[in-house]
Amino acid sequence: MNTVRISALVGAIAFLVGLAFATFSELKVFLPALLKGLVVTLQVAGLSFVLFLFCSLLAALGRTSANLALRFAAGIYVEIFRGTSLLVQLFWLFFVLPEFGVVLTPMTAAVLGMGLNFGAYGAEVVRGAILSVPRGQTEACIALNMPEWKRLFRIVLPQAFAIMVPGMTNLTIELVKATAMVSAVTLVDITSAAVKQNLIHYRTVEIFLITMLLYYCLCQVVRYGSKLLEVRVSRYRGALN
Amino acid sequence: MKTPKIRFDKVTKRYGELTVLDSLDLDIAPGEVVAVIGPSGSGKTTVLRVLMTLERINEGVIWIDGEPMNRMRQGDALVPASQAHVRKLRSKIGMVFQSFNLFPHMTVLGNCIEAPIHSLGLPRAEAEARAEGLLAKVGLADKRNHYPSQLSGGQQQRVAIARALAMQPEILLFDEPTSALDPEMVGEVLEVIRELARTHSYTMLLVTHQMGFAREVADRVCFFEGGKFVEQGEPNAFFTQPQSPRAAQFLSKVLQAG
């Protein structure tokens, strides 16, 4: 009886392995192209992530500043980049700016477009976090005669940081997936590579299954990183529990 | 007369239509302990807040040691004060808040050395030594590495007092320091303040609802209502024989309540 079960199991496994092998037998034909696309996606995502953080912080500081001109400038930035489409912004950077004599490489245009666009959303997340630090914290700093910039960087921002992590994580995951748009400026990222390979090999299911898995893995990396960060920056808040 | 430590000269503070401080005058001598009492919502706290420069005043001048705080001298005229001028005078004042306002992301010790290092420019070792001395004084030396969220309200308020003292102010402002505390923790905080009043030369301005405490530690009690000091006097006289009907009415209510 046992032998029957074992042989049935072995048979089933052999069948599945054979099926998978048959399905993915041409993996080596298109996989290198997809991995090359992955490298481009990683570059765009990594660089625009840095720009995204920078723009978010800068614009949020501008929007919460006491200086009217700074508030106004930051407000204009957020409205323009949040109020128009990312795809159109990429087109502007890559196809329209050359008309005015500014020629950007595809990578530069992609990183600028993604970073500035997501920075506009991030600015609002950071601003919300800054505003949710209790007013009493600022008052304590005034009572202790702390200089304004130390009040900001040592007291308000560290507390705002713990509040902004979930919102910024959302945007970062969104940013990773939005890199699929950069084919608009001729970059060959994962998505663009997948479309090309599909036209050549017609292995639609495998190619797009792998593409999906790659995006999923990237987002898992972001999620995991964010979780570590969140534990770290909000340790003091959970100190009681 | 000696130069008053603090002088309010016709200080007016308005929030829109509402006048909270109405041409307020007040002189406080060096080392004097003054308790401000009055009905809730009357704006007693505002007296401390404008002195700490947490709020701007609309009219009048606040003087510290004979120097105008919200103004500065330019020749014979008084012009609006610069940031540097305000910071210089503000360094003489420390404040303890009703809701403690400790920095939650820093330890007890971190809270007490933050401003001495980053505002006074003290070396870390010196700031730590100073902070540890003060924490011992408020009975919390063993809590130096705890976070505020790990402490009781009374302990947090004692840390806040140590944090204010670490800046070595000459003037101490207490804004209802025990109002946010559970009843059993009020005593430990009052004891610390009582000790400060008894053994130091701080000029103290105290807004409180603890009538017994005000009577015990204050050199003078000021009854505040309607943007003005309606009555002031020596505590025993004030509490036993208030002169104004309003103060008498207020006292009969709060003393009855217990």
Side-chain angles (χ1 to χ4, degrees), chain A residues 57 60-61 64-71 125-126 128-168 226-241, chain B residues 45 48-49 51-56 83-84 86-108 110-121 145-152 156 159-160 163-169 171-175 180:
Chain A
L57 183 63
L61 291 181
T64 52
S65 154
N67 183 315
L68 185 70
L70 284 180
R71 274 210 309 276
V125 173
V126 175
I130 289 176
L131 293 180
S132 62
V133 174
R135 167 90 187 132
Q137 293 291 306
T138 302
E139 294 187 347
C141 292
I142 295 174
L144 291 166
N145 219 8
M146 303 236 315
E148 213 164 322
W149 65 275
K150 288 201 167 160
R151 182 198 311 169
L152 184 64
F153 282 95
R154 296 195 49 86
I155 306 299
V156 176
L157 281 181
Q159 292 180 60
F161 198 62
I163 301 166
M164 72 177 79
V165 169
M168 293 301 269
S226 143
K227 206 174 161 186
L228 289 184
L229 193 64
E230 198 170 346
V231 169
R232 229 187 114 75
V233 297
S234 50
R235 195 177 287 153
Y236 72 87
R237 290 205 288 186
L240 198 62
N241 306 326
Chain B
T45 290
L48 302 193
R49 291 178 60 83
L51 188 53
M52 194 68 259
T53 68
L54 299 175
E55 314 269 355
R56 278 169 194 276
Q83 192 62 28
V86 171
R87 277 180 54 84
K88 193 186 96 197
L89 286 176
R90 192 162 58 197
S91 70
K92 298 185 179 188
I93 311 175
M95 181 161 177
V96 174
F97 296 88
Q98 182 178 352
S99 49
F100 329 137
N101 296 347
L102 290 178
F103 304 133
H105 59 304
M106 294 179 179
T107 61
V108 165
N111 267 277
C112 296
I113 61 173
E114 178 65 17
I117 292 176
H118 293 280
S119 175
L120 299 180
N145 293 323
H146 286 56
Y147 283 94
S149 61
Q150 296 169 306
L151 302 181
S152 72
Q156 290 191 49
V159 173
R163 179 176 72 170
L165 295 178
M167 294 296 284
Q168 302 189 327
I171 299 167
L172 277 176
L173 311 178
F174 291 90
D175 178 18

*asked:* For A:Phe161, run the side-chain contact (heavy atoms from CB on, under 4.5 Å) check against A:Val233, A:Val133, A:Val126 and tell me which one passes.
replied: A:Val233
*So, A:Gln159 side chain and A:Ile130 main chain: donor-acceptor pair closer than 3.5 Å or not?*
no
_Is B:Leu102 close to chain A through its backbone or its side chain, or both, or neither, when contacts mean heavy atoms under 4.5 Å?_
backbone
*Just by distance, do the side chain of B:Asn101 and the backbone of A:Gly136 share a donor-acceptor pair under 3.5 Å?*
yes
*Short side-chain to backbone donor-acceptor contact, B:His105 and A:Arg154, under 3.5 Å*: yes
_Heavy-atom proximity to chain A below 4.5 Å, by part of B:Arg49_ = side chain
_Given heavy-atom pairs under 4.5 angstrom as the criterion, report whether the side chain, backbone, both or neither of B:Ile93 touches chain A._
backbone
*What part of B:Phe97 is in contact with chain A, defined as an atom under 4.5 angstrom from a non-hydrogen atom: side chain, backbone, both or neither?*
side chain
_Using heavy-atom distances under 4.5 Å, tell me whether B:Ser99 contacts chain A through its side chain, its backbone, both, or neither._
neither
*Looking only at atom types and distance, does a side-chain atom of B:Arg87 sit under 3.5 Å from a main-chain N or O of A:Asn145, one as donor and one as acceptor?*
yes
*What residue, out of A:Glu139, A:Arg135, A:Glu148, has the most heavy-atom pairs lying under 4.5 Å from chain B?*
A:Glu139
*Give, as side chain, backbone, both or neither, the part of B:Met167 having an atom under 4.5 angstrom from any heavy atom of chain A.*
side chain
_How close do A:Arg151 and A:Ile142 get, counting heavy atoms only, and between which atoms?_
NH2-CG1, 3.8 Å
